[in-house]
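I have placed the structure first, in the form of structure tokens, so that the comments after it can refer back to it.
Letters go in sequence order (proteins before strands), and every chain restarts at 1.
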There are 4 protein chains.
Amino acid sequence: MTLQHAAQRDAAAGGRVNRRAAVLVVAAQLFNARGYEATSMRDIALAAGIKAGSLYHFFAGKDALFAAVYAAGVREIHAAVEGALEAARRRDPWKRLQLACEAHLAALLAGTDFASVVVRTLPRPGTRLDAALRAQRDGYEAIFRELVDALPLAPRTDHQLFRLTLLGALNWSTTWYRPDGRRAPQEIARRVVGLLRSARDKGACE
Amino acid sequence: MTLQHAAQRDAAAGGRVNRRAAVLVVAAQLFNARGYEATSMRDIALAAGIKAGSLYHFFAGKDALFAAVYAAGVREIHAAVEGALEAARRRDPWKRLQLACEAHLAALLAGTDFASVVVRTLPRPGTRLDAALRAQRDGYEAIFRELVDALPLAPRTDHQLFRLTLLGALNWSTTWYRPDGRRAPQEIARRVVGLLRSARDKGACE
Amino acid sequence: MTLQHAAQRDAAAGGRVNRRAAVLVVAAQLFNARGYEATSMRDIALAAGIKAGSLYHFFAGKDALFAAVYAAGVREIHAAVEGALEAARRRDPWKRLQLACEAHLAALLAGTDFASVVVRTLPRPGTRLDAALRAQRDGYEAIFRELVDALPLAPRTDHQLFRLTLLGALNWSTTWYRPDGRRAPQEIARRVVGLLRSARDKGACE
Amino acid sequence: MTLQHAAQRDAAAGGRVNRRAAVLVVAAQLFNARGYEATSMRDIALAAGIKAGSLYHFFAGKDALFAAVYAAGVREIHAAVEGALEAARRRDPWKRLQLACEAHLAALLAGTDFASVVVRTLPRPGTRLDAALRAQRDGYEAIFRELVDALPLAPRTDHQLFRLTLLGALNWSTTWYRPDGRRAPQEIARRVVGLLRSARDKGACE
DNA sequence: GATGAATGAGTTTTCATTCAT
DNA sequence: GATGAATGAAAACTCATTCAT
């Protein structure tokens with residue numbers, strides 16, 4: 001959001017201010033639409049209105065550019081979720097989880113391309129890039145570890161698997177969600193949490 | 001499974017038998033490990049022990065080869081799930097869903113590369129390839145539509161979202177599952193279903 | 001003509017008789033439509049209803065196949081012109097030239113693809129193929145040398161250039177002639193000869 | 001001419017100046033010597049002293065490169081003929097036609113490879129390239145339409161066929177002309193026009 | 001005769017990257 | 001900062017030809 005706004009402001013101002021930010025924005029769009037491999041540096045340069053060689057003034061290479069996009073994506077989701085939790089500091093654990101999920105999914109499905117990239121453009125496993133990005137993502141997911149651990153779940157519930165199931169269901173929605181659908185991202189998130197809540201916190205069945 | 005076995009048998013026999021099947025197997029491995037774009041026809045040919053040009057005797061092009069791999073994957077998962085359901089024809093709906101999920105996840109996480117490709121190597125959206133593969137997958141997912149519709153879910157439950165949540169959680173596990181983990185695919189599947197079950201069916205525990 | 005008829009007869013008879021002739025026919029079509037380089041042996045095989053490898057039972061290679069097509073074309077034009085001249089043995093030289101030109105142009109523009117290939121698909125100069133084909137064509141063009149030499153042209157007329165001008169004008173028509181045009185090949189030929197005749201044989205101007 | 005001179009000057013100067021022009025020159029040579037299909041981008045790059053990939057900085061592809069060569073050829077012939085006509089504005093129609101033909105044939109037979117390509121390297125009919133080039137050529141040939149229409153030809157003479165005959169005879173000479181021949185291009189042109197003139201214009205000799 | 005498989009050399013084209021200007 | 005030129009490596013794919021069956 002921030003990045004995109006900055007870029008748009010610059011462009012509108014005919015400004016030379018933050019070319020780097022503008023590059024990031026179009027790169028995010030393209031990576032998101034076509035994937036990492038299928039997006040060429042030339043494509044990005046063209047969309048950014050500069051020449052391919054100029055990209056290397058801002059980023060060491062394609063990997064670095066992608067990493068920057070990814071990092072921006074993680075920051076964006078992170079900020080959205082933290083913001084939501086900030087505003088609900090005193091609510092009960094389920095409500096907090098629900099709000100976090102709503103923010104998470106809104107960022108993924110209705111936010112900028114930066115957020116989508118994080119979930120949709122998986123770095124090739126095993127690469128150096130992969131390790132770097134994984135670290136970023138893990139930092140973010142720690143939030144959900146805390147949120148889930150705070151839930152009054154039945155004993156013997158596997159908290160880790162609960163978290164992975166929840167995030168998996170949410171993240172997977174990027175493969176089927178269509179913006180014109182009849183459910184807004186927030187509602188989807190609320191309902192998914194609802195599916196996993198039910199009798200969970202009454203300690204009933206395992 | 002069949003394909004891989006056939007190919008290995010042939011190779012072991014020093015046989016000339018089914019080169020096409022052997023190509024499919026290594027292609028599945030590579031597509032799975034690196035993704036579609038990052039896997040070159042040369043890589044596949046090299047791994048298959050033939051020259052790159054020879055691939056075009058068996059497959060019209062890279063797209064066609066990928067489609068064949070994908071189709072084999074869908075068939076494999078489909079067969080596994082249908083087999084499991086066949087053997088449990090008289091069981092209650094939740095049990096049937098659980099068995100289907102176990103078979104689904106076992107195929108994805110412990111099966112051949114064909115199965116994994118279906119979930120992990122998403123074709124670029126909008127391509128002709130994408131449409132073709134989507135059709136194949138949709139056919140398979142119809143099974144789960146039936147299984148979910150058969151559940152005694154609380155009224156006003158969104159069946160579609162229930163199904164998408166379940167499959168999302170299962171499919172997403174391909175991004176975090178490690179074979180050396182302490183949970184077998186079947187157990188993971190059982191527990192995920194458990195998380196979604198709980199009091200869903202009017203509070204009764206299985 | 002002969003070749004094509006033979007091939008059609010064979011095909012109609014479901015016959016296995018003269019596969020070679022059938023290959024020649026489709027090769028002529030393709031060479032004519034696309035040129036030598038742009039026509040692949042596979043294309044030819046496909047159009048002939050056989051597999052590419054089988055072509056090599058009939059022809060030593062692509063060059064040989066083309067040479068055979070070309071030779072058939074030369075023979076065809078040759079036969080047409082000789083036939084016309086045969087039937088006009090006693091006519092005056094201009095009439096004989098006119099009839100020859102009519103036959104020549106009819107073969108090129110309204111005959112089989114064999115004839116067109118001779119004029120439209122020039123072999124790459126300098127190749128062995130080129131030399132071979134040039135010989136064939138030269139044999140044929142000798143006819144026109146005789147016909148032109150028999151004309152009562154004004155003294156000091158360059159007979160060779162007259163012949164080259166005439167044949168050039170005729171042959172070049174393959175680049176602009178459209179079958180739906182308002183002039184039939186024979187009429188075109190007659191008129192071209194007419195343009196070159198005029199006062200020629202009155203000994204007037206040079 | 002201009003292009004070639006520029007390129008040669010650059011090369012002689014060891015200059016870095018106009019690589020694009022140099023590429024055009026060698027491309028014209030090769031297209032002319034071998035034809036479109038038989039000339040590879042590698043061949044051109046090699047002859048131009050650059051790597052194959054570098055060609056794509058100057059031309060979008062092989063088609064575009066050929067089109068550029070062809071356009072240069074048309075321009076060249078066009079300029080030569082217009083120049084000749086310019087210098088003979090007040091001459092009689094037959095003389096003007098003769099001068100145009102001389103310029104045309106000199107360009108084809110003794111000019112650069114650009115000019116020859118126009119007549120000798122026919123694009124495959126039906127392709128997009130074909131249509132583009134045909135338009136270029138048609139523009140040029142309009143000159144001859146005017147020149148022929150200005151002739152005092154006998155009534156009922158088909159002007160179009162007269163023009164096609166003339167140009168056909170001239171253009172076809174590229175298939176038999178050898179530079180060491182005893183007739184210079186201009187003389188050939190003059191004589192061809194002479195053959196078509198004769199008593200055409202009401203029996204008067206020039 | 002016929003063919004399916006295979007190949008080696010080739011095709012056009014793309015791409016991330018470098019660097020002198 | 002910016003770029004035009006250049007490159008080396010690689011991409012997908014084609015092709016004429018061979019040969020065991």
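Whole-Å rounding puts the B:Glu37 CD to F:dA10 C1' distance at 14 Å. Atoms CG (D:Asn18) and P (F:dG4) sit 15 Å apart, rounded to a whole Å. D:Leu46 has its CG atom 15 Å from the C1' atom of E:dT11, to the nearest Å. Rounded to whole angstrom, the span from the CZ atom of B:Phe59 across to the P atom of F:dT14 amounts to 16 Å. Rounded to whole Å, atom C1' of F:dC13 lies 13 Å from atom CG of B:Leu65. In this structure, B:Asp43 places its CG atom 10 Å from C1' of F:dA10, rounding to the nearest Å.
Taking CG from C:Asp113 and CZ from C:Arg120, the interatomic distance works out to 8.5 Å, rounded to the nearest 0.5 Å. The line from CD of C:Glu37 to OG1 of C:Thr121 is 11.0 Å long, rounded to the nearest 0.5 Å. Taking OG of D:Ser40 as the reference point, atom CZ of D:Arg34 lies at 7.5 Å (rounded to 0.5 Å). Considering CG of B:Leu129 and CZ of B:Arg134, their distance stands at 11.0 Å, rounded to 0.5 Å.
Contact between the side-chain N/O atoms of B:Arg19 and the OP1/OP2 oxygens of E:dA5 is not found at any separation under 4.0 Å. For B:Arg20 and E:dG4, the shortest distance from a side-chain N or O to OP1 or OP2 is not below 4.0 Å.
In DNA chain E, stems built from 3 or more consecutive Watson-Crick or G-U wobble pairs, each with both distances under 3.5 Å, span E:2-21 with F:2-21.
Nearest nucleotide to the side chain of C:Phe58, out of E:dA6, E:dT3, E:dA2: E:dA2. Here the side chain of C:Lys51 is nearest to one of E:dG8, F:dA11, E:dG4, namely E:dG4.
Taking 4.5 Å as the limit, some side-chain heavy atom of A:Leu24 sits within range of a side-chain heavy atom of A:Phe114. Side chains of D:Tyr70 and D:Arg137 form a contact here, defined as non-hydrogen atoms less than 4.5 Å apart.
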Please list, for nucleotides 17-21 of chain F, all pairs of protein and nucleotide N/O atoms separated by less than 3.5 Å.
from: F:dT17; atom 1: OP2; to: C:Tyr56; atom 2: OH; distance (Å): 2.9
from: F:dT17; atom 1: OP2; to: C:Lys62; atom 2: N; distance (Å): 2.9

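The two residues D:Gln136 and D:Ala67 come nearest to each other via the heavy atoms NE2-O, 4.3 Å. Residues C:Ala28 and C:Val117 come closest through the heavy atom pair O-CG2, 3.7 Å.
For the pair C:Leu55 and D:Ser40, nearest-nucleotide mapping onto DNA chain E gives the more 5' position to C:Leu55. Residue-to-nucleotide proximity on DNA chain F shows that, of D:Ile50 and B:Tyr36, the 5′-proximal contact is made by D:Ile50.
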Side-chain donor-acceptor contacts of residues 44-66 of chain B below 3.5 Å, not counting sequence neighbours, with atom names and distances?
from: B:Lys62; atom 1: NZ; to: B:Tyr36; atom 2: O; distance (Å): 2.9
from: B:Lys62; atom 1: NZ; to: B:Thr39; atom 2: O; distance (Å): 2.8
from: B:Asp63; atom 1: OD1; to: B:Tyr36; atom 2: OH; distance (Å): 2.3

